[in-house]
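A short worksheet on the structure shown next.
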Amino acid sequence: MSNVQLTAGICLRLVDSSENYDEVLNSKPTMQILSVKKVSSPGGLNQVDRYRIIVSDGEHFLQAMLATQLNNLVDEGHVGKYSIIRVDKFTCNLVQERRLLIVLDMQILVKNHEKIGKPDNAQPTPGDGASSAQQTPAPHSAATPAPVPSTSTISTSAPQQQHQQQQGQSNRAGLNRQNIFPIEGLSPYQNNWTIKARVTNKSDVRTWSNQRGEGKLFNVTLMDETGEIRGTAFNNAVDELYDKLEEGKVYYISKAKVQLAKKQFTTVSNEYELGFERHTEVEECRDTQSLPTIRYNFVPLSGLQDLVKDAICDVIGVVKEVGELGSINSKFGKTVTKRELTLVDKSNFSVRLTLWGKQAEQYSEMNEPVVAFKGVKVGDFGGRSLSMFSSSMMTINPDIPEAHALRGWYDAGGNQASFQAHSNSFSGAAGGALSGFNRSEMKSLQEVNDMLSNTTTDLSEKPVYFSARATIMHIKQENVAYPACPTCNKKVFEQHDGWRCEKCERSYEKPEYRYIITMAVADHTQQAWFQGFNEAGEVIFHRPANKLMEIKFEDETKFGKVMEETIGQQFNFTCRVKQETYNEATKLRYGVQKVLPLNYVEELWGSELARTPICTSVLLLLCLIECFGDVL
DNA sequence: CCCCCCCC
């Protein structure tokens with residue numbers, strides 16, 4: 001421990017204007033961390049926590065930030081207060097006229113060490129010695145020139161001019177390639193920067209038309225090793241830049257406007273975004289060696305439950321199931337194709353992720369690949385779900401350590417694991433099978449009524465879902481099933497040559513009966529009319545509709561008996577309530593999404609009664625009997 | 001200056 005040697009003097013060299021910056025950059029100094037403090041970004045759902053650290057060389061100390069890709073070193077306890085580190089890679093820039101070191105890569109030499117020396121602040125704030133300048137951003141009026149950024153030089157303002165003259169000589173034409181700024185250091189307070197960034201995503205050109213006017217635009221996501229930022233070009237700038245900026249390529253970009261990103265719209269992890277303007281300079285960079293293709297901040301699938309709905313996150317998982325291509329009709333009558341993937345990971349959780357449009361149509365990986373997703377949206381369907389944005393990134397079998405680890409784990413037996421689906425219900429394992437049914441969110445019919453009358457949601461626009469346990473009181477006997485087209489399920493009509501489907505424009509010898517059920521249900525608080533279709537009917541009647549209709553045609557009395565047997569049966573229903581209009585009258589329609597027979601062990605588990613010790617014991621016993629009944 | 005990103 002005692003043989004650790006800090007790189008004395010490095011802090012002063014970092015703030016010394018006359019230093020050779022390249023030498024300082026490459027010196028890989030050994031330093032001690034004096035403090036680690038989490039800094040949470042204000043607002044926004046996609047903001048990643050950051051760590052501010054203070055580093056010391058034993059004589060002086062400096063403020064620094066950890067690049068977010070190093071967050072896990074702190075989160076997992078590998079590094080902390082008084083750790084000795086070797087800074088292998090960093091960048092330094094001016095923020096509020098103070099230098100801020102961003103540590104991009106480091107080695108931990110000693111995790112725990114006593115404090116070395118009595119270091120002083122290498123960069124005391126003029127005036128009071130506190131860090132007020134940093135905490136109170138001065139408004140930059142015209143009278144207060146913004147500080148000149150500096151990453152490749154650590155000169156202060158006077159030598160800066162000298163430095164820029166030197167650069168002018170080496171790079172007369174084109175952009176100032178020496179003065180590369182980290183994306184993470186960009187802010188509206190800086191000008192004269194150049195970033196070197198990869199386009200990781202480029203949107204199509206979109207047009208808009210509203211009361212404020214019309215126009216066109218496109219977005220890109222730009223990334224370097226410190227962070228990412230969204231750039232937007234409007235109108236003329238679209239013509240100028242759309243073809244120039246290609247997805248996957250790296251560019252020098254300067255003279256764009258840095259502005260606050262509106263947090264309700266951002267899907268990219270940055271407080272700011274870039275507005276491309278007429279004078280914005282974009283030049284392709286062919287040396288792409290030093291830039292990673294993508295930077296992730298993975299959340300384990302088990303951790304999705306800690307994220308709020310609509311949060312944006314990165315995940316990596318093995319695609320265990322690939323759903324069929326389907327389509328949905330969105331609110332505005334748009335039809336969109338979709339495909340659901342089921343991801344699993346080492347946390348033994350699974351989650352469904354929806355691909356849209358082209359990505360859904362073109363997905364064809366059938367060999368359970370590892371797939372990394374960046375910037376996907378967290379939903380709460382069935383507990384937790386994920387959905388792609390157009391700005392999200394999907395990378396199949398990425399060449400990154402996390403992917404290799406996951407592959408190894410999966411192939412070495414992880415694929416045999418049973419995965420827990422996200423669910424709010426008490427019984428997580430059951431939650432997966434129930435898919436959307438949340439026992440802990442069960443409501444009485446009265447509570448459903450109250451919820452519906454108090455909701456601010458426009459029920460004609462957006463349906464509300466609920467689960468309730470109720471007993472069937474009555475089923476309308478007439479039209480309990482309809483003759484359906486075996487191909488498209490539409491109603492068919494009997495004609496001289498068989499059963500005619502108008503949609504498929506053909507006739508069938510026999511129809512396929514499908515249930516269409518209107519039933520009165522009740523619980524101890526209320527009654528309601530539910531409507532159910534084929535899946536619901538098969539559960540309620542314990543037989544396909546064809547069979548029930550067979551009985552009806554052969555023996556009316558027996559049919560009446562079957563109908564009667566359903567009365568008094570209790571089920572767990574999951575329903576979708578929507579406001580619909582018939583003949584200018586609006587009414588709420590309760591569509592049954594799912595019917596589940598009761599499972600008495602689980603019903604008890606979820607109840608208050610189960611909290612008593614005696615009941616817990618009995619329930620455990622019941623579970624054991626259920627599991628091992630055959631053996632006992 | 002956009003801001004849609006959907007459905008069960």
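From a predicted model like this one, the values you see are computed outputs, not experimental measurements.
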Worksheet item: Of the candidate nucleotides dC3(B), dC8(B), dC7(B), which contains the atom at the shortest distance from the side chain of Trp208(A)?
Response: dC3(B)
Worksheet item: So what does Gln259(A) touch, heavy atoms closer than 4.0 Å: a base, only the sugar-phosphate, or nothing?
Response: nothing
Worksheet item: Heavy atoms under 4.0 Å, any strand shown: does Gln593(A) hit a base, just sugar-phosphate, or nothing?
Response: sugar-phosphate
Worksheet item: Does Lys334(A) place a side-chain N or O at less than 4.0 Å from the phosphate oxygens OP1/OP2 of dC5(B)?
Response: no
Fill in: Residue-phosphate contact under 4.0 Å: Arg576(A) side-chain N/O, dC8(B) OP1/OP2
yes
Worksheet item: Would you say dC6(B) has OP1 or OP2 under 4.0 Å from some side-chain N or O of Ser387(A)?
Response: yes
Item to complete: Determine the minimum heavy-atom distance between Asn270(A) and Tyr272(A), stating which atoms define it.
Response: OD1-N, 2.9 Å
Worksheet item: CD1 of Ile328(A) versus P of dC5(B): gap in Å, rounded?
Response: 10 Å
Worksheet item: Taking atom P of dC7(B) as reference, at what distance in whole Å does atom NZ of Lys578(A) sit?
Response: 10 Å
Worksheet item: Lys262(A) side chain N/O closer than 4.0 Å to the phosphate oxygens (OP1, OP2) of dC1(B)?
Response: yes
Worksheet item: Checking Lys202(A) against Tyr242(A): charged group under 6.0 Å from the ring centre and within 45 degrees of the axis?
Response: yes
Discussion item. How many whole angstroms separate atom NZ of Lys202(A) from atom P of dC5(B)?
Written reply: 23 Å
Worksheet item: Are any of Arg212(A)'s side-chain N or O atoms less than 4.0 Å away from OP1 or OP2 of dC2(B)?
Response: yes
Worksheet item: Do Glu273(A) and dC2(B) share a donor-acceptor pair, side chain to base, under 3.5 Å?
Response: yes
Discussion item. Under 4.0 Å from OP1 or OP2 of dC5(B): is there any side-chain N or O of Trp356(A) that close?
Written reply: no
Worksheet item: Out of curiosity, Lys249(A) NZ to Glu247(A) CD, how far, rounded to the nearest 0.5 Å?
Response: 12.0 Å
Fill in: Side-chain ion pair, Lys216(A) and Asp239(A), N-O less than 4.0 Å
yes
Worksheet item: To the nearest angstrom, how far is Ile312(A) atom CD1 from dC5(B) atom C1'?
Response: 11 Å
Discussion item. Using a 4.0 Å heavy-atom cut-off, does Asn210(A) contact any base of the nucleic acid, only the sugar-phosphate backbone, or nothing at all?
Written reply: sugar-phosphate
Worksheet item: Just how far, in rounded Å, is P of dC1(B) from CG of Asn219(A)?
Response: 12 Å
Worksheet item: Are the ring of Phe234(A) and the six-membered base ring of dC1(B) within the stacking cut-offs of under 5.5 Å and under 30°?
Response: yes
Practice prompt. Report which part of the nucleic acid Lys377(A) touches: base, sugar-phosphate, or nothing (heavy-atom distance under 4.0 Å, all strands).
Written response: sugar-phosphate
Worksheet item: Does the ring of Phe389(A) lie flat against the base of dC5(B), closer than 5.5 Å centre to centre with planes under 30°?
Response: no
Discussion item. Should the side chain of Arg230(A) and the base of dC3(B) be counted as holding a donor-acceptor pair, with the cut-off at 3.5 Å?
Written reply: yes
Worksheet item: Rounded to whole angstrom units, what separation is found between the CD atom of Glu340(A) and the P atom of dC6(B)?
Response: 13 Å
Practice prompt. Measure the acute angle between the ring planes of Tyr296(A) and Phe298(A), then classify it against the limits of 30° and 60° as parallel, tilted or perpendicular.
Written response: parallel
Response to the item:
Asp380(A) atom CG is separated from dC7(B) atom P, nearest whole Å, by 12 Å
Practice prompt. Take atom CD of Gln211(A) and atom C1' of dC1(B), then tell me their distance rounded to the nearest Å.
Written response: 12 Å
Worksheet item: So how far is it from Trp529(A) CH2 to Met473(A) CE, rounded to the nearest 0.5 Å?
Response: 11.0 Å
Practice prompt. Would you mind telling me which of dC7(B), dC6(B), dC1(B) lies closest to the side-chain atoms of Asn235(A)?
Written response: dC1(B)
